[in-house]
> 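Below you will find the structure I want to go over with you.
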Amino acid sequence: MFSRQVARSSSALARGFASSARSNRKVAVLGAAGGIGQPMSLLLKTDPLVTGLSLYDIRGAPGVAADISHVNTHSEVKGYEKDDIKAALTGAEVVIIPAGVPRKPGMTRDDLFNTNASIVRDLAEACAEYCPKAYIGIISNPVNSTVPIFAEVYKKKGVFDPKRLFGVTTLDVVRSSRFLGEIKGADPKDIKVTVVGGHSGATIVPILSHTAQGKDVSGETYKNLVHRIQFGGDEVVKAKAGTGSATLSMGFAGARFTNSLIRALNGESGVVEPTFVKSPLYESEGVEYFASNVELGPEGVKKINPVGELTAEEQELLKACLPDLAKNIKKGVEFVNKA
């Protein structure tokens with residue numbers, strides 16, 4: 001009886017991911033033994049579109065791989081550590097990078113920069129050498145700076161393709177639908193909130209006016225909701241009392257983005273995800289990278305959708321976002337190109 005229940009649970013997890021025509025897809029997770037990497041790797045093991053999982057970390061990834069390899073889905077799992085990054089990346093079509101140190105109470109994403117910038121730079125150099133054509137999803141914070149770091153390394157190596165590099169901002173949308181659903185007493189799966197800008201604090205701009213359930217949210221309720229969406233990570237850091245950050249929900253969001261990307265690579269049309277990419281939308285204002293709804297395709301970025309009409313409140317949020325975002329991007333670019 002228990003074994004039948006376990007089988008049903010495993011199958012239900014797999015059904016949680018949208019599927020498309022099956023193709024062999026090897027996904028590498030860099031930072032797989034960390035707080036985000038472990039739950040995300042487990043979720044990817046349950047995704048029927050992932051046929052191979054390559055888990056890498058400085059230490060611990062072989063143990064994570066051995067553990068989740070027992071999950072009874074069809075994908076093969078291998079773990080690598082220390083100097084085995086070449087083997088981990090060879091043949092990878094999608095690389096998701098949650099590597100880096102987590103946030104602690106009182107830390108901003110910017111405080112993470114000095115440590116995580118070096119980690120992302122080094123991983124970018126490895127990817128440029130061993131899987132230059134792979135589609136890259138960056139989770140390592142601060143995303144507003146780490147995506148430009150990755151891009152600048154690729155430019156130096158002569159392998160940069162802006163259509164294949166993504167900052168994973170899916171958690172902002174996941175939070176938005178959940179928090180708005182709580183206010184409205186509605187199922188979050190039926191709520192789709194557009195979130196644009198960047199992936200930290202005031203650079204996160206929820207466009208509630210584009211959502212049927214969000215159009216009439218106003219006053220203090222609106223202000224509190226926007227603040228909670230922008231600083232949801234702080235809520236988790238505080239609740240975990242110094243033991244971690246938003247790792248489980250980010251693992252979920254990372255797995256969701258990966259599934260969407262693979263579906264698009266497999267030829268499914270109409271796959272749209274919010275993601276932080278090289279974008280023309282606000283390039284004239286010094287913002288070379290920007291998160292908006294992006295249609296994904298076999299080439300990666302197929303179409304960058306415009307932000308659309310905004311309310312006066314949303315225009316103010318965007319106005320506050322752009323200068324900070326420009327500074328974050330510049331910081332990442334200068335980190336790679338400094339003398």
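Nothing here was measured: the structure is a model prediction, and the numbers come from that model.
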> Tell me if a side-chain donor or acceptor on Thr275 pairs with a main-chain N or O of Gly167 at a distance below 3.5 Å.
yes
> State the OG-CG distance between Ser218 and Leu208, to the nearest 0.5 angstrom.
11.0 Å
> Atom CD of Gln315 and atom CG of Leu310: how far apart are they, to the nearest 0.5 Å?
5.5 Å
> Could you tell me whether a side-chain N or O of Arg175 sits under 3.5 Å from a main-chain N or O of Gln230, the two making a donor and an acceptor?
no
> Could you label the plane-to-plane angle of the Phe113 and Phe335 rings as parallel, tilted or perpendicular, counting under 30° as parallel and over 60° as perpendicular?
perpendicular
> Residues in side-chain contact (heavy atoms from CB on, under 4.5 Å) with Thr115, at least two apart?
Val101, Ile119
> Just so I know, are the side chains of Arg25 and Val94 near enough to count as touching, which here means a heavy-atom distance under 4.5 Å?
no
> Using only atom types and a distance under 3.5 Å, with no angle test, would you say the side chain of Thr146 pairs donor to acceptor with the backbone of Ser140?
yes
> Walk me through it: do Phe290 and Val277 pass the test side chain to side chain contact (heavy atoms under 4.5 Å, CB included)?
CA-CA 6 Å; Phe290 191 82; Val277 297; over 6 Å; no
> Quick one: salt bridge (Lys or Arg N to Asp or Glu O under 4.0 Å) pairs with a partner in residues 198-221, sequence neighbours left out?
Lys184-Asp216, Glu220-Lys223
> Considering only residues two or more places apart or on different chains, which pairs with a residue in residues 70-86 satisfy salt bridge (Lys or Arg N to Asp or Glu O under 4.0 Å)?
none
> How would you list, by chain and number, every residue that makes a side-chain contact (heavy atoms from CB on, under 4.5 Å) with Lys163, sequence neighbours excluded?
Asp161, Glu299, Val301
> Would you say Lys192's side chain and Thr211's backbone share a donor-acceptor pair under 3.5 angstrom?
no
> Roughly how far, to the nearest 0.5 Å, is CG of Leu30 from CD1 of Ile136?
7.5 Å
> Could you pull out all residues at least two apart from Ala202 that satisfy side-chain contact (heavy atoms from CB on, under 4.5 Å)?
Asp324
> Could you check, using the six-membered ring where one of them is a Trp, whether Tyr80 and Tyr56 have ring centers closer than 6.0 angstrom?
no
> Do the non-hydrogen side-chain atoms of Val174 and Phe252 ever get within less than 4.5 Å of each other?
yes
> Between Leu165 and Tyr154, is the side chain to side chain contact (heavy atoms under 4.5 Å, CB included) condition met? List the steps.
CA-CA 10 Å; Leu165 178 61; Tyr154 264 41; over 6 Å; no
> Is Lys133 paired with Glu93 through a side-chain N to carboxylate O contact shorter than 4.0 Å?
no
> Go through the structure and list residues passing salt bridge (charged side-chain N to carboxylate O under 4.0 Å, His left out) with Glu129, not counting sequence neighbours.
none
> Looking only at heavy atoms, which two atoms of Gln213 and Asp190 are closest? And how far apart?
NE2-O, 3.3 Å
> Between the side chains of Asn305 and Glu295, does any donor sit under 3.5 Å from an acceptor?
no
> With a 4.5 Å heavy-atom cut-off, do Val27 and Ser54 have their side chains touching?
no
> Would a single hydrophobic cluster contain both Leu318 and Val294, if residues Ile, Leu, Val, Met, Phe, Trp and Tyr are joined by side-chain heavy-atom contacts under 4.5 Å?
yes
> Between Asn337 (side chain) and Val333 (backbone), is there a donor-acceptor pair under 3.5 Å?
yes
> Supply the atom-to-atom distance Gln38 CD to Asp57 CG, rounded to the nearest 0.5 angstrom.
9.0 Å
> Would a distance-only check, ignoring hydrogens and angles, find a side-chain to backbone donor-acceptor pair under 3.5 Å from Ser177 to Val193?
no
> Considering only residues two or more places apart or on different chains, which pairs with a residue in residues 112-128 satisfy salt bridge (Lys or Arg N to Asp or Glu O under 4.0 Å)?
none
> For the backbone of Tyr289 and the side chain of Ser279, can you confirm whether one donor and one acceptor N or O come within less than 3.5 Å of each other?
no
> Using side-chain contact (heavy atoms from CB on, under 4.5 Å) as the criterion, list what pairs up with Glu283, not counting sequence neighbours.
Lys278, Pro280, Glu288
> Hey, does Pro206 have a side-chain heavy atom less than 4.5 Å from the side chain of Val226?
yes
> Stepwise, does the side chain to side chain contact (heavy atoms under 4.5 Å, CB included) test hold for Ile138 with Val168?
CA-CA 6 Å; Ile138 307 291; Val168 180; 5.9 Å; no
> State which residues pass salt bridge (charged side-chain N to carboxylate O under 4.0 Å, His left out) with Lys330; sequence neighbours excluded, sorted by chain then number.
Glu334
> Please test Asn259 against Leu44 for side chain to side chain contact (heavy atoms under 4.5 Å, CB included), starting from the C-alpha separation and ending with a verdict.
CA-CA 8 Å; Asn259 174 265; Leu44 290 173; over 6 Å; no
> What is the distance from atom CG of Asp47 to atom CZ of Arg256, rounded to the nearest 0.5 Å?
13.5 Å
> Taking the side chain from Ser145 and the backbone from Asn328, do they hold a donor-acceptor pair closer than 3.5 Å?
yes
> Rounded to the nearest 0.5 Å, what's the gap from CG on Asn141 to OG on Ser200? Could you check?
7.5 Å
> Please enumerate all residues that pass side chain to side chain donor-acceptor pair (under 3.5 Å) together with Lys240, with sequence neighbours excluded.
Thr247
> Would you say the side-chain atoms of Asn144 pair up with the backbone N or O of Ile329, donor to acceptor, closer than 3.5 Å?
no
> Are Phe257 and Phe166 an aromatic pair by the rule of ring centers under 6.0 Å?
yes
> Could you name each residue pair satisfying salt bridge (Lys or Arg N to Asp or Glu O under 4.0 Å) that touches residues 303-318, not counting sequence neighbours?
none
> As a quick check of understanding, evaluate salt bridge (Lys or Arg N to Asp or Glu O under 4.0 Å) for Arg178 and Glu182, giving each step before the final call.
CA-CA 6 Å; Arg178 174 64 196 177; Glu182 289 176 5; 3.2 Å; yes
> Do Val77 and Val71 have side chains that approach each other closer than 4.5 Å (heavy atoms only, starting at C-beta)?
no
> Can you name the salt bridge (charged side-chain N to carboxylate O under 4.0 Å, His left out) partners of Glu235, sequence neighbours left out?
Arg228
